[in-house]
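No hydrogens, no waters, no symmetry mates; every other heavy atom, side chains included, goes into these values.
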Amino acid sequence: MPPASSSNGGNTSNNSISIVWFRRDLRVEDNPALAAGVRAGYVVSVFIWAPEEEGTYFPGRVSRWWLSQSLKHLDSSLRSLGANLITKRSFDTASTLVDVVNSTGATNLFFNHLYDPLSLVRDHRIKELLSSRGLTVRSFNADLLYEPWEVADENGCPFSTFEPFWNKCLSMPYDPAAPLLPPKRIISADVSRCPSDTLVFEDESERGSNALLARAWSPGWRNANKALNAFINGPLIDYSVNRRKADGATTSLLSPHLHFGELSVRKVFHLVQIKLLVWTNEENESGKESVNLFLKSIGLREYSRYLSFNHPFSHERPLLSHLKFFPWVVDENYFKAWRQGRTGYPLVDAGMRELWATGWLHDRIRVVVSSFFVKVLQLPWRWGMKYFWDTLLDADLECDALGWQYISGTLPDGREFDRIDNPQFEGYKFDPNGEYVRRWLPELIRLPTEWIHHPWDAPEPVLQAAGIELGSNYPLPIVEISAAKERIQEALTEMWQIETASRTAMENETEEGLGDSSDLPPFYYPQEIHMEADPEPTRANNLLTTTRRYSDQMVPSITSSFVRNDEDAISVDISSTREDGRAEVPTNVNFDDQTHGATDQDGAAVVRNNAVLEFSPARLQNRLEFSEESSSSYTERDGGLVPVWSPSNLSEHFISEETSVRTSAYLQRHPQTHQMMNWRQISPPEKLGGGEHIAPKCYRLDSMKASQNVAKSTPLFLYHFADSKVL
């Protein structure tokens, strides 16, 4: 089901009025919708802000800040070309577009494709509505190298793993379209009867925190191009060596620009390919390796859209059906400690504090904190995905769903579910000198590098000299890795038992079968719960206090982009960490043989405020009160680019055997359940008039036979194909 591509495909005249609907394509170069509008005649450039339509995925504070700055940049660029950007505040995009049509007399609507489920449904509705009113509606690819329906295996079916998909993209018989130049001039239509609305993206409580972002980032399509050129002509050549270092700007820092469409992925691809040719001719093997690795990160971004298009429920349900029975730990104390950076594992805590203070995380640190969340704490993966959505500058539904599903082992080529990465070993791999940890955990600033990633093992004299009291000013590990290993084995055993019972019941015709949407609960948002803080430090990994739930879609109150208590904010003063002469505790002292072990029953990660606030869609109907601030100082970045989050290359294992926990033999004993939820194509693509666009494929829900053990793929709340109509 491709996005709505065209309607009323007649030719437009040079005097017609066209609405160019900007969304996540905030640039004037390589913008096919804008180019079509300019060719057709008069242009009305429109951006519609309707966050309530996103439901649960209301943009977070930092994401809204970036959007506001990017829109200002785009409006300035359009004005220099002869037009201006009309901004509209709306609760229903379709009705707002109808109003713009009526006030401008437009006869065409041009926009660029989006591939998330909400946008696919909304775009189809708008296409049908405006087509019925006699408008010509056309949409274009401005976000991908190839449209999802162009890439298929030899049987015409979508790929279910990354490597074959990307190899197919690289071996396509035709290259991605060359990026378009910006228009020389735009002839603006009469918009006197279509005034702009003032869009409010922040309130007073957020302005202080947002001002810090402007010191580090420069939104806007021109700035994105500068960052791209700086990366290609600088750090790219050493990307293969430096990309794993967490204590510096070692990635491209492009992902916010790509998410908001300030940067054309086709332009990135073509420029990087040119660099590859140069280094190939020079026989520069290091440069060639760097380019291939960077292109793979672009491929992962492509694959995230491909996956979302072919499996539109991927942001809310596991793609491997048996994992719907995994007994997740529902523990909001764990969840809060993870958010606050109070887990007792320095690399994890440093990452979570950086995320809250800056809205950014190095991609390797994203892997570490998300793996810890799912594998060690065993919290539902969608809780973590939603928190990332609320707090990341480059929050991207498709990429985040791919990343969290991969880490959770819910993809066919994802990580083994029982593989646990030890944060201690990860720390010495990605932050060998401890500089990253010291920057974000000032309480550990004087701890020697020898102990920086496992302070619980440091001798007592070292801890005292560093001013560290475990369980007081820095927590002991919330869960020991050995305990997590035992728990995950118990949980997997329980999962297989429940899955077997369900399959037996299905075969006895007492259930419809695995993956049927009728046995999945709706979104779960608990009411406000106020839990008293523990008066004394206690270990937070008491297994008796945790609750397991089988439905993996029960999302707790994730309100970081709405309300955050003062107690939640973590004050991190990193200015002192940049001193060259930082004192470090000497290691040549006499210790007692006793170490400060993680099993000390008096130690704990203390969560002082356990108030859980409700995240309710009903809140979106009113003006939201935001109190999200950060007291952290902020380091400036050199203009840069961020590759979209790829938790890892899907074919690559970042953890060696000795630093991870594996029991893959157990999973291999149950191969019959590793089936991917599927869609069945029931009609081939067709060409529209003129052959410019491929008509949407027609899909229907595929109720596979029980013997195949493949779950039905009913999206929870978006798609209804009872009549098998094309969306």
In the structure I gave you, are the side-chain heavy atoms of Leu402 and Leu411 within less than 4.5 Å of one another anywhere?
yes
Take Arg24 and Asp116 through the test side-chain contact (heavy atoms from CB on, under 4.5 Å) and record every step on the way to the result.
CA-CA 12 Å; Arg24 292 202 296 272; Asp116 62 279; 3.2 Å; yes
Is it the case that the ring center of Phe231 lies less than 6.0 angstrom away from the ring center of Phe294?
yes
Within the 4.5 Å heavy-atom criterion, are Phe140 and Phe110 side-chain neighbours or not?
yes
Taking atom types as modelled and ignoring hydrogens, do the side chains of His259 and Asp396 form a donor-acceptor contact shorter than 3.5 angstrom?
yes
Do Trp383 and Phe373 have ring centroids that are under 6.0 Å from one another?
no
Just by modelled atom types, is the Phe159 backbone N or O under 3.5 Å from a matching donor or acceptor in the Tyr306 side chain?
yes
Please tell me whether Tyr115 and Glu147 have a donor and an acceptor in their side chains that are separated by less than 3.5 angstrom.
yes
Does any non-hydrogen side-chain atom of Leu492 lie less than 4.5 Å from one of Gln489?
yes
CG/Leu397 to OG/Ser304 distance, rounded to the nearest 0.5 angstrom?
9.5 Å
Whether the side chain of Asp153 engages the backbone of Asn155 through a donor-acceptor N/O pair (distance < 3.5 Å, no angle test) should be reported.
yes
Counting heavy atoms not belonging to Glu282, are there more than 12 under 6.0 Å from its CD?
yes
Taking the side chain as every heavy atom from C-beta outward, state whether Tyr57 and Met385 have any pair of such atoms under 4.5 Å apart.
yes
Below 4.5 Å, heavy atoms only, C-beta onward: do Arg23 and Leu114 meet side chain to side chain?
yes
Taking the basic N atoms (NZ, or NE/NH1/NH2) and the acidic carboxylate oxygens, is any pair closer than 4.0 Å for Lys429 and Asp421?
no
Below 4.5 Å, heavy atoms only, C-beta onward: do Val137 and Phe111 meet side chain to side chain?
yes
Cut-off 3.5 Å, side chains only: do Asp143 and Asn112 have a donor facing an acceptor?
no
Value rounded to 0.5 Å, distance of CG in Asn229 from NZ in Lys267:
6.0 Å
Using the ring centroid of each side chain, check whether Phe260 and Phe22 are separated by less than 6.0 Å.
no
So do the side chains of Trp360 and Arg366 get within less than 4.5 Å of each other, counting heavy atoms only?
yes
Could you tell me if the side chain of Cys399 sits less than 4.5 Å from the side chain of Arg301, heavy atoms only?
yes
To the nearest 0.5 Å, tell me how far Arg125 CZ sits from Leu120 CG.
15.0 Å
Residues Glu163 and Lys296 bridged, charged N to O under 4.0 Å
yes
Does the distance from a Lys or Arg side-chain N to an Asp or Glu carboxylate O, for Asp390 and Lys386, drop under 4.0 Å?
yes
Rounded to the nearest 0.5 Å, what separation is found between the CG atom of Asp123 and the CG atom of Leu118?
10.5 Å
From OH (Tyr387) to CG (Leu379), nearest 0.5 Å:
13.5 Å
Side chain to side chain donor-acceptor pair (under 3.5 Å) with Glu262: which residues, sequence neighbours excluded?
Trp66, Ser70, His257
Non-neighbouring partners of Thr410 that pass side chain to side chain donor-acceptor pair (under 3.5 Å), sequence neighbours left out
Gln405
Would you say the side-chain atoms of Ser502 pair up with the backbone N or O of Ile498, donor to acceptor, closer than 3.5 Å?
no
Between Asn225 and Glu29, is there a side-chain donor-acceptor contact under 3.5 Å, judged purely by atom types and distance?
yes
When you measure from the side chain of Ser370 to the backbone of Val367, do you find a donor-acceptor pair of N or O atoms at a distance under 3.5 Å?
yes
Side chains of Ser119 and Arg122: donor-acceptor distance under 3.5 Å anywhere?
yes
What class does the angle between the rings of Phe165 and Phe162 fall in, given that below 30° is parallel, 30 to 60° is tilted and above 60° is perpendicular?
tilted
